[in-house]
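Notes to accompany the following structure.
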Amino acid sequence: MESTFNHEPIAAVATALGEASIGVVRVSGVGAAEVVKRVFRTSSGRACTLPPSRSVLYGQVVDPTLYTLVDEAILVWMPAPHSYTAEDVAELQVHGGIHVVQSVLECALAGGARLAEPGEFTKRAFLNGRLDLSQAEAVMDLIRAKTDLAQRAALEQVKGRLRDTITELRRELIGLQAHVEVTLDYPEHDVEQVACQAVVVTGSKLIEEVEQLAAASRVGQILREGIATVIVGRPNVGKSSLLNALLRRERAIVTDIPGTTRDVLEEYVNLRGIPYRLVDTAGMRDTEDVVEKIGVERSRAMIDQAELAVVVLAGSAALAEDDLTLLGLTDTVPARVAVVNKSDLPRSLDLSQLKEQLRPKDALVEVSALAGTGLSDLELAMEQVVLGGEGQLNERTVVTNARQGTLLRQAAVDLELAVDAAKQSATLDIIAVALQAAYASLGLVIGEEVGEDLLDEIFSRFCLGK
């Protein structure tokens with residue numbers, strides 16, 4: 001994409017606010033060298049000569065208007081095009097106090113830079129061709145990653161894995177388009193039936209590949225945002241013990257008294273690389289206790305919002321009416337695991353009777369939250385029902401945001417239109433239009449012909465210094 005924006009120097013703090021050993025102020029753009037020369041001096045106080053590319057120089061930051069010393073600093077100089085933004089970039093590493101870092105930023109602004117907008121450094125990297133749009137979006141996903149799996153997925157996209165996949169799909173699609181266009185322009189050299197057959201065969205293959213990528217956008221959302229998970233069960237079946245066992249620490253109060261948990265408890269936990277927002281709910285039963293009744297109502301509300309329900313039942317007791325009620329309440333939750341707890345005690349619960357109440361996609365696991373047994377089986381079952389049988393993520397291209405997923409689904413729809421038209425021997429110009437639309441949708445994933453308004457919206461979600 002050709003860059004038409006103003007390359008004026010911009011500056012921002014590139015590290016988190018707060019006290020730290022080091023803070024970084026970043027400057028980028030045409031004129032970054034002049035900004036640095038106005039605010040940076042050698043350790044002896046003399047005007048500096050910029051160091052060689054990607055080298056460091058020790059010195060000090062001075063106020064360009066008052067000529068007073070602000071802080072000691074290390075200057076890292078990265079001239080274009082070998083920098084994050086593909087522009088001249090300077091980074092001033094100073095002491096990480098809030099006031100110190102802000103003072104250095106103010107010096108850079110007084111030296112001729114303007115304050116960067118949120119995400120403007122990454123936006124410039126995209127506009128300068130340093131990153132495609134999918135890579136640029138993955139930068140923020142990498143920063144916000146909550147688990148190792150989310151970090152790896154975002155890093156693979158930053159490295160260009162999705163870009164390479166989309167580029168290959170578009171290459172195949174443009175070949176198919178060329179076949180159709182040649183038949184349209186020079187019908188004497190081919191027959192329409194041959195072109196239609198090529199659209200059906202190649203188009204069907206592309207549909208499958210694009211749909212697999214679109215499905216991966218749900219996985220990306222899970223890795224980025226986590227899964228809203230409710231732990232439900234009637235009183236005293238071990239819900240709070242199970243929460244503590246999954247967290248590997250004592251978070252919830254556990255007693256033998258039914259109704260101990262009277263409100264929802266919420267915690268984040270990383271299990272097998274997937275972030276879960278675990279909510280331990282009040283025991284579900286009819287009660288006259290006013291406080292407990294409020295907790296039960298809140299529990300019902302949490303079930304309605306959940307993406308995963310962990311239904312806890314006591315293996316030491318027969319299946320009760322309240323258990324069946326809970327299974328009915330959670331029947332609309334997309335993913336569900338039935339956990340038969342207290343496996344360390346003699347089992348009275350009839351597993352075959354329980355299985356009759358479960359959906360084919362549900363999982364059933366036996367554990368002892370108190371003894372800590374069966375937890376690895378539970379974690380695996382939670383992963384499998386959440387991913388819907390989509391398997392391991394390590395070798396897959398993960399689409400990390402909803403925008404990309406929407407465009408991929410649109411591309412699949414356009415390809416289906418082309419294939420259906422080819423099967424019905426429709427005119428080739430109808431097929432060509434559908435193929436062109438699919439090609440355009442795939443291009444938008446990586447930022448081809450994307451509008452300025454959309455770019456502004458995407459990069460406005462970034463932090464200020466990135």
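These numbers come from the heavy atoms of this one structure, side chains and all, not from hydrogens, waters or symmetry mates.
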Atom NZ of K205: over 12 foreign heavy atoms under 6.0 Å: yes
Between side-chain atoms of residues 419-440 and protein atoms elsewhere (two or more places apart, or another chain), which donor-acceptor pairs fall under 3.5 Å?
unit_1: T427; atom_1: OG1; unit_2: D429; atom_2: OD1; d: 2.5
unit_1: Q436; atom_1: NE2; unit_2: E181; atom_2: OE2; d: 3.1

Verdict with supporting geometry, R272 and E383, salt bridge (charged side-chain N to carboxylate O under 4.0 Å, His left out): CA-CA 8 Å; R272 296 175 60 87; E383 176 186 326; 2.5 Å; yes
For residues 8-21, run the donor-acceptor check on the side chains, cut-off 3.5 Å, and write out each pair with its distance to 0.1 Å, sequence neighbours left out.
unit_1: E8; atom_1: OE2; unit_2: R114; atom_2: NE; d: 2.6
unit_1: T15; atom_1: OG1; unit_2: V24; atom_2: N; d: 3.1

T165 side-chain N/O to R161 backbone N/O, donor-acceptor pair under 3.5 Å: yes
Minimum heavy-atom distance between A32 and V27, given as atom pair plus value: CB-CG1, 3.9 Å
Residue pairs passing the salt bridge (Lys or Arg N to Asp or Glu O under 4.0 Å) test where at least one lies in residues 399-413, sequence neighbours excluded: E137-R403
Side chain D88, main chain A80, donor-acceptor under 3.5 Å: yes
Main-chain N/O of S83 paired to R130 side chain as donor or acceptor, under 3.5 Å: yes
Main-chain N/O of P334 paired to K361 side chain as donor or acceptor, under 3.5 Å: yes
Residues that E117 engages under side chain to side chain donor-acceptor pair (under 3.5 Å), provided they are two or more places apart: none
Heavy-atom side-chain contact between Q93 and V76 under 4.5 Å: yes
Shortest non-hydrogen contact between R277 and Y268, atoms and distance: CD-OH, 3.4 Å
Main-chain N/O of R359 paired with D362 side-chain donor or acceptor, under 3.5 Å: yes
Q135 side chain vs D132 backbone, donor-acceptor pair below 3.5 Å: yes
Short side-chain to backbone donor-acceptor contact, N128 and E87, under 3.5 Å: no
I143: partners by side chain to side chain contact (heavy atoms under 4.5 Å, CB included), with sequence neighbours left out: V139, M140, C463, K466
Shortest non-hydrogen contact between R171 and E168, atoms and distance: NH2-OE2, 2.6 Å
Y84 side chain to S28 side chain, donor-acceptor N/O pair below 3.5 angstrom: no
Greater than 12 external heavy atoms within 6.0 Å of E321's CD: no
Taking every non-hydrogen atom, the tightest pair across L271 and Y276: CB-CE1, 3.7 Å
With T330 via side chain to side chain donor-acceptor pair (under 3.5 Å) - residues at least two apart: R336
Presence of salt bridge, E120 and K123, under 4.0 angstrom: no
Stepwise side chain to side chain contact (heavy atoms under 4.5 Å, CB included) test for E307 and T229: CA-CA 6 Å; E307 299 166 278; T229 305; over 6 Å; no
Check: V101 main-chain N/O paired with S103 side-chain donor or acceptor under 3.5 Å: no
For the student: nearest non-hydrogen atoms of V89 and R26, plus distance: CG1-CG, 4.2 Å
Expected output: side-chain E267 to main-chain L278 donor-acceptor under 3.5 Å: no
Closest non-hydrogen atom pair, P275 against I222: CG-O, 3.6 Å
